[in-house]
Amino acid sequence: MKKVVVLVLALVCGMLFMPGQCFGQEQAAEQEIVIDTGTTAWMLTSTSLVLLMTPGLAMFYGGLVRTKNVVGTMMHSFAAMAIIGVLWAICGYAMTFGTSHGWCGWDWEKFMLSGIDSKMRASGIPEVVFAMFQGKFAIITPALIAGAFAERVKFRGYCILIILWSLLIYNPLAHWVWGGGYLTGLAKDFAGGTVIHISAGISGLVMALYLGSRRGYPKTAMHPNNLVMTLMGAGLLWVGWFGFNAGSSESSGLLTGQALTVTQVAASAGAVTWMLIEAFHHQKATSLGFVSGMLAGLVAITPAAGDVMVPGAIVLGVAASIVCYLALRLKSKLGYDDSLDVFGIHGVAGIVGALLLTFFLRNVPDHGIGRQFYYQLEGVIVSGVYAGVVTLILTVRIDKTVGLRMSAPAEMAGMDHSLHGESGYGMLNMN
Amino acid sequence: MKKVVVLVLALVCGMLFMPGQCFGQEQAAEQEIVIDTGTTAWMLTSTSLVLLMTPGLAMFYGGLVRTKNVVGTMMHSFAAMAIIGVLWAICGYAMTFGTSHGWCGWDWEKFMLSGIDSKMRASGIPEVVFAMFQGKFAIITPALIAGAFAERVKFRGYCILIILWSLLIYNPLAHWVWGGGYLTGLAKDFAGGTVIHISAGISGLVMALYLGSRRGYPKTAMHPNNLVMTLMGAGLLWVGWFGFNAGSSESSGLLTGQALTVTQVAASAGAVTWMLIEAFHHQKATSLGFVSGMLAGLVAITPAAGDVMVPGAIVLGVAASIVCYLALRLKSKLGYDDSLDVFGIHGVAGIVGALLLTFFLRNVPDHGIGRQFYYQLEGVIVSGVYAGVVTLILTVRIDKTVGLRMSAPAEMAGMDHSLHGESGYGMLNMN
Amino acid sequence: MKKVVVLVLALVCGMLFMPGQCFGQEQAAEQEIVIDTGTTAWMLTSTSLVLLMTPGLAMFYGGLVRTKNVVGTMMHSFAAMAIIGVLWAICGYAMTFGTSHGWCGWDWEKFMLSGIDSKMRASGIPEVVFAMFQGKFAIITPALIAGAFAERVKFRGYCILIILWSLLIYNPLAHWVWGGGYLTGLAKDFAGGTVIHISAGISGLVMALYLGSRRGYPKTAMHPNNLVMTLMGAGLLWVGWFGFNAGSSESSGLLTGQALTVTQVAASAGAVTWMLIEAFHHQKATSLGFVSGMLAGLVAITPAAGDVMVPGAIVLGVAASIVCYLALRLKSKLGYDDSLDVFGIHGVAGIVGALLLTFFLRNVPDHGIGRQFYYQLEGVIVSGVYAGVVTLILTVRIDKTVGLRMSAPAEMAGMDHSLHGESGYGMLNMN
Amino acid sequence: MKLITAIIQPDKLDEVRESLLKAEITRITVSRCSGRGRADQVDLYRGQVVAPDLINKVRLDIACNDNYVDIAIDAILTAARHGAEGKIGDGKIFVTNLERCIRIRTGETGGEAI
Amino acid sequence: MKLITAIIQPDKLDEVRESLLKAEITRITVSRCSGRGRADQVDLYRGQVVAPDLINKVRLDIACNDNYVDIAIDAILTAARHGAEGKIGDGKIFVTNLERCIRIRTGETGGEAI
Amino acid sequence: MKLITAIIQPDKLDEVRESLLKAEITRITVSRCSGRGRADQVDLYRGQVVAPDLINKVRLDIACNDNYVDIAIDAILTAARHGAEGKIGDGKIFVTNLERCIRIRTGETGGEAI
Ligand SMILES: Nc1ncnc2c1ncn2[C@@H]1O[C@H](COP(=O)(O)OP(=O)(O)O)[C@@H](O)[C@H]1O
Ligand SMILES: Nc1ncnc2c1ncn2[C@@H]1O[C@H](COP(=O)(O)OP(=O)(O)O)[C@@H](O)[C@H]1O
Ligand SMILES: Nc1ncnc2c1ncn2[C@@H]1O[C@H](COP(=O)(O)OP(=O)(O)O)[C@@H](O)[C@H]1O
């Protein structure tokens with residue numbers, strides 16, 4: 001814990017002496033871009049919607065674990081909101097969208113967002129709005145990973161992990177794909193299929209493998225403590241995804257509408273497909289299946305939202321659902337414990353979406369479908385390998401020093417009792 | 001189940017061979033309408049808000065049934081999100097807003113939304129945004145009906161029912177009232193009082209009567225399993241209704257603001273009225289009463305939102321609350337089992353709103369109040385009779401073939417166990 | 001109860017004879033302001049977001065009380081939504097933003113919002129939208145206070161209290177600070193630090209002291225019945241606060257983006273700080289601590305949102321968290337029962353924010369920091385003293401007449417049973 | 001040693017506990033249950049026997065030495081009744097024989113471990 | 001007087017209650033529990049003994065006079081079984097001796113108070 | 001046959017179950033309860049006797065044949081204690097006599113049905 005504090009103190013000090021308001025001059029020149037209040041309004045709304053996804057994810061994940069881990073699991077998402085919330089404003093935005101220096105970007109004037117306080121972007125929105133919108137993506141990505149090692153990690157280790165993960169993996173990756181780095185403009189990744197879902201999926205897989213299964217898995221069935229809350233969370237995720245995808249157009253117009261449309265269609269198609277599969281296999285359509293299919297559809301359309309039309313969205317949703325369903329069956333055969341299927345849904349559907357979108361592009365690129373597919377593959381592999389390798393290093397280091405895996409008695413007692421000293425549902429006992 | 005699959009397969013095949021991107025030429029001409037980013041932003045937001053109402057409804061309804069049916073009841077709303085979500089994009093929009101052919105509309109270029117991919121509407125928003133906004137209404141309407149026969153229908157039958165209900169009832173009705181059909185422009189129905197609430201209310205009533213009561217009703221009190229969740233759902237419904245009503249102005253200006261204002265006022269007035277009634281009758285104001293009054297107010301203002309002012313909104317809210325309260329008392333006398341009062345609230349308050357609004361119009365129409373009242377009555381009767389008759393036919397057919405009513409043992413065991421193989425609140429038992 | 005009804009009836013009658021639509025002429029002149037659809041869109045969205053905070057607050061507070069009081073506690077927020085919802089439209093807006101008459105404002109044309117039905121504001125939004133946005137603030141403020149005397153007040157007394165509190169405290173205060181009253185323009189209060197949080201905090205403190213502790217406090221630990229719901233509520237509050245603060249800019253541009261940015265940063269900084277403090281003191285970071293810190297940060301940035309930059313936001317968040325943490329420790333020493341820490345969080349963080357912001361202003365005012373600090377202090381003291389004194393008078397009067405404190409047996413049985421005849425979680429028992 | 005099991009109305013829990021405390025009985029185990037007693041609502045509905053609904057109750061389990069049994073029962077009886085004459089649904093008390101009792105912390109058994 | 005405690009599957013609760021009603025046994029207390037019976041899922045997992053998961057069950061407590069005991073047990077047995085031959089997990093019935101029984105409302109004791 | 005009822009701390013549930021499994025006791029019923037044991041927090045508050053709060057506990061019910069009783073108790077005792085010396089609140093074990101036991105699926109009774 002001490003190390004964290006030192007880090008934080010260092011940053012706080014740094015910020016007090018930073019060159020605050022001295023960028024006034026340079027800004028003047030750019031100020032001619034007129035503000036587009038409509039686009040700004042939609043980007044502000046999108047920012048709110050994407051932020052809403054994080055509590056939505058907390059509910060989604062929180063409902064799926066066992067009762068004794070519900071608070072701990074929700075805290076994984078909430079902690080990301082707070083920790084990355086500060087970190088992104090301090091240096092994350094600068095690393096991602098600063099002038100490219102190869103591995104990552106950096107501009108001192110973007111440090112603490114001070115230099116962009118009154119800048120505008122070419123799209124007619126204030127740059128701070130763009131920075132905040134992007135910050136919400138940086139928040140939700142580490143929160144996603146937490147599902148892979150649910151119910152068995154220490155909170156302290158987790159906090160340190162997401163700080164480092166964000167600095168060493170998310171920011172560079174996002175920089176490469178969106179910020180002017182070397183993948184920018186090649187692979188199509190409209191709203192973060194590679195940067196967010198594939199990187200989270202692979203990182204989750206690596207950590208789940210390294211940390212090992214929960215005690216008792218897979219012999220002991222671990223039933224969701226609150227499917228009702230998982231459904232509520234799924235509802236918020238769906239709605240929030242409109243901000244996620246349609247907001248990624250950085251506009252409020254045709255492209256925005258198109259992105260929203262295919263998002264809606266792919267989510268629906270994914271959910272319907274999973275229900276049908278289950279109806280055939282088990283004669284019963286489960287609600288957990290429904291939300292898994294919905295999520296698969298949403299993840300698959302994420303990289304494609306700006307570039308495919310309704311039929312493509314249906315195919316992507318259907319395909320993602322089918323492939324994820326098979327992936328989950330494979331997982332139970334392989335027996336590793338990716339507890340809430342971060343890889344099985346986000347990783348797999350992310351890959352399906354990133355590759356399959358090539359065949360449903362609204363405008364076929366000049367370099368042809370084959371070449372585009374190659375770019376897509378490159379994006380997938382680069383994100384996957386980079387995220388996987390660095391995550392492994394981080395996990396090992398943290399587990400060896402601060403400790404990441406909970407002790408057996410603590411795990412049996414549950415995270416809520418052992419790590420947070422609370423219990424999620426006081427109502428269960430008379431009080 | 002097989003039939004459903006065949007249907008879906010057929011549609012999917014159809015879509016793969018459809019004339020995809022061949023409408024490019026015709027669009028060029030219309031492209032001169034400049035996009036209004038502000039209006040687009042609000043319509044995108046409204047679309048998100050109305051989508052949020054469906055999980056809100058799932059929570060509202062889910063909290064009111066017994067514990068053993070909570071997942072099944074929430075799945076009614078979620079299934080509508082997915083199924084109608086796909087169906088609307090494929091053919092619902094074309095049937096509703098295509099060129100009128102009498103019973104319904106149709107344009108091949110609206111099939112799969114392909115031809116409108118880059119069209120604009122006169123209001124300055126992309127047509128896909130309008131299509132998505134309208135699609136959310138198509139989703140929530142069948143979900144509303146599900147409350148009338150809660151706790152006793154088979155999931156498979158329900159899914160087939162809502163597909164057919166949407167195709168045969170919702171799309172034509174919406175076409176008549178909004179899409180250029182023969183009622184367009186006569187009856188005032190700003191945001192769907194007739195199309196949505198009256199048609200859902202009457203359909204629910206018909207189905208509740210045909211399917212019969214839940215086992216044990218009304219002797220056995222059936223307590224809500226989670227009023228707390230019902231309250232949360234009510235909160236989301238209220239907020240979502242701003243999108244519902246203010247979004248129906250298809251603008252971001254004066255009319256939008258006026259619609260939002262009266263929505264807020266009518267909801268408040270309805271809730272306050274019900275609390276006062278209960279305070280007099282029972283000395284206790286229940287939370288269930290509160291949300292019922294709120295809902296009555298919201299439903300009543302729906303057809304009127306664009307045309308009445310604050311005093312009218314108060315009267316509508318108060319009147320709807322009083323009439324619904326009486327209607328529910330009458331129901332318990334009559335003894336039929338409209339489980340969550342779809343008719344008692346949506347049907348009755350919808351009728352109250354549609355008729356009463358005539359006397360509070362901001363601008364009295366040229367043809368006079370009497371004539372307007374006649375139009376309103378016509379709208380109510382046409383929607384009610386059409387929805388009622390077709391629903392009856394559908395219900396009987398489905399119940400006789402696929403089966404709609406659950407068997408007695410399955411009903412006693414609960415939908416969650418019998419139909420979905422899940423239980424909503426794992427936390428209730430040690431695990 | 002009778003008195004309430006008489007009041008309501010009187011108002012309803014008044015409204016039916018009011019000079020309704022006779023303001024048409026005067027409006028014509030102002031109609032030249034063109035509507036800004038983008039700003040309108042954002043203000044409509046903000047209105048929805050701030051409304052969402054009230055159910056969010058219901059969840060936040062509802063989760064913290066004991067099981068037997070969950071419905072009653074949530075109803076405090078919901079009742080405010082309905083009661084103040086009507087009251088604000090009838091006369092609240094007129095009292096706050098009408099032409100100043102010293103103690104409060106008033107314009108007959110603002111009564112029932114009739115005269116502003118089609119007016120525009122200089123910012124390019126319809127005045128009704130502004131009225132509705134402001135109305136949401138009027139709703140949430142009394143709902144906030146309810147946390148201070150949770151689990152022990154009669155519902156009837158509470159309803160009367162919030163009506164009078166709104167009329168006699170909120171409307172005048174808001175008028176002084178924002179509506180053209182004598183504090184307007186002096187103290188910086190961007191989104192309601194003094195008017196909302198300090199006034200609510202002090203009022204809560206006064207009432208908690210007057211009404212006395214809950215039976216058993218502080219010897220008996222009173223565990224939260226549903227921390228999970230409190231976390232969900234916290235999520236909604238954070239998201240809603242974007243509307244609260246960024247909406248208070250009454251624009252959709254640079255200032256809006258800046259306000260949103262510092263809101264995000266201060267919330268994060270507050271939450272992180274509280275987690276660190278707890279990690280040091282107790283080796284465990286609780287979720288309740290997390291949300292307390294988050295709330296402290298959000299409250300502290302509220303008056304400052306338009307005027308500080310990221311470093312200032314971090315300092316405000318950190319400082320608010322630390323001071324609130326100390327305040328809560330002090331409270332447990334003093335032993336009074338501000339049940340959900342309305343004063344400890346809203347009051348204290350509100351004061352911290354209002355004073356501290358002076359030192360982080362983006363643009364130092366011409367009259368210098370010292371003078372500004374004096375204005376801030378004046379704002380704090382005026383709001384605090386006025387709210388405190390009038391609240392005390394109201395509380396005593398209502399407690400002596402209608403009754404405010406529940407009887408001992410009723411309190412032991414719980415509000416849900418005694419006052420509402422319901423139980424929040426039917427699922428807890430087999431049914 | 002006896003095991004006293006009382007089923008009471010939830011709204012009386014606090015009063016019963018205070019009454020037991022006054023009688024110096026502090027150890028107790030409480031759990032939720034649902035129940036149906038006097039079954040006056042049982043009836044035929046459309047010709048079918050219908051299971052009447054269950055009502056929320058609270059179950060108290062108190063292990064005590066023989067000389068405390070009557071004291072405990074009296075404490076419950078006075079506090080759990082609604083009004084002077086009681087109301088239907090006020091509840092019931094069951095007494096069974098307790099053969100052994102062991103305190104987990106110390107391993108003590110018998111009367112001392114109660 | 002005996003106290004009958006039955007652990008049954010949740011989906012059979014309504015059927016069991018109707019069956020008891022037919023046998024004129026109306027008074028009952030119901031609560032949630034989790035259980036594990038026939039432990040065929042217990043196994044070694046990577047060399048460790050693993051606690052198999054608990055399954056949702058419902059617990060019925062019925063106090064009745066001696067002449068009603070067999071009637072009650074029969075009523076439960078018929079209704080709680082899944083299918084004609086029963087399924088693993090169908091549950092179990094325990095009978096203990098009830099020494100005293102007191103109706104809180106009236107203070108009646110013994111057989112009349114059941 | 002005896003019925004063993006143990007009230008333990010929730011965080012020890014998994015350990016106790018593993019310990020019972022090792023002792024070859026697999027059948028069990030578990031439910032939530034709240035409890036108050038050593039009542040050192042009871043006190044006067046502003047002159048009023050106050051009901052101290054209830055703490056979350058878990059209740060285990062194990063029916064077993066006489067020769068298994070001590071084995072089961074030992075298994076619980078070792079696993080449910082916090083640390084070597086135990087902590088206040090570790091819980092308690094009650095043993096009552098079980099007269100009959102019936103397996104619903106087969107209708108078997110007595111020792112075999114346990
Ligand atoms: N014979 C019984 N067996 C099991 N539980 C009982 C019995 N009698 C009463 N109870 C429990 O006590 C609760 C209150 O019973 P009450 O209605 O006061 O009893 P009575 O009808 O005998 O006056 C019931 O809801 C039930 O849970
Ligand atoms: N010996 C026992 N002690 C405690 N509870 C038992 C016992 N045997 C069975 N139960 C309870 O009965 C439930 C159903 O048991 P079941 O699997 O039908 O028993 P069996 O394996 O003996 O056929 C179990 O889940 C458990 O709650
Ligand atoms: N005499 C009793 N009657 C009923 N329950 C008891 C009794 N003694 C203990 N318990 C239960 O056991 C739990 C743990 O008790 P504990 O504090 O360990 O007991 P002790 O104070 O005797 O050491 C209590 O919370 C309560 O639920």
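In what follows, chains carry the letters A, B, and so on, assigned in the order in which the sequence lines appear, proteins first and then strands, with residues in each chain numbered from 1. Note that the structure is predicted; figures quoted are calculated from it, not measured.
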Any sub-3.5 Å donor-acceptor pair from [X]'s side-chain atoms to [Y]'s backbone N or O?
X        : Y        : result
B:Glu250 : B:Ser123 : no
B:Asn225 : B:Val65  : yes
B:Tyr425 : B:Thr67  : no
C:Lys110 : C:Phe97  : yes
B:Arg362 : B:Gly306 : yes
B:Lys136 : B:Thr54  : no

I need the residue from [options] with the largest number of non-hydrogen atom pairs under 4.5 Å to chain C.
options                                : answer
B:Met222, B:Glu278, B:Gln264, B:Met275 : B:Gln264
B:Thr230, B:Thr37, B:Leu227, B:Val70   : B:Leu227
B:Val310, B:Thr256, B:Thr286, B:Leu288 : B:Thr286
B:Thr39, B:Val291, B:Val239, B:Leu260  : B:Val239
B:Val228, B:Asn226, B:Leu49            : B:Val228
B:Ala285, B:Gly424, B:Ala271, B:Ser251 : B:Ala285

Please flag which part of [X] lies under 4.5 Å from any non-hydrogen atom of chain B: side chain, backbone, both or neither.
X        : value
C:Pro126 : both
C:Phe78  : both
C:Val86  : both
C:Ser77  : neither

Tell me whether the rings of [X] and [Y] are parallel (<30°), tilted (30 to 60°) or perpendicular (>60°).
X        : Y        : value
C:Trp241 : C:Phe244 : tilted
B:His282 : B:Tyr325 : tilted
C:Phe133 : C:Phe137 : perpendicular

Verdict with supporting geometry, B:Ile314 and C:Ile90, side-chain contact (heavy atoms from CB on, under 4.5 Å): CA-CA 10 Å; B:Ile314 295 182; C:Ile90 294 179; 4.0 Å; yes
Which one, [options], leads in non-hydrogen pairs under 4.5 Å with chain B?
options                              : value
C:Leu44, C:Asp36, C:Val129, C:Val128 : C:Leu44
C:Met81, C:Met59, C:Met232           : C:Met81
C:Leu51, C:Ile35, C:Asp416           : C:Leu51

Against chain C, label [X] side chain, backbone, both or neither, depending on which of its atoms sit under 4.5 Å from a heavy atom there.
X        : result
B:Gln258 : both
B:Thr45  : side chain
B:Ala246 : neither
B:Ala267 : neither
B:Met43  : neither
B:Leu428 : side chain
B:Leu255 : neither

No-hydrogen, no-angle side-chain donor-acceptor test under 3.5 Å, B:Ser252 and C:Thr40: no
Basic-acidic side-chain contact under 4.0 Å: C:Arg66, C:Glu151: yes
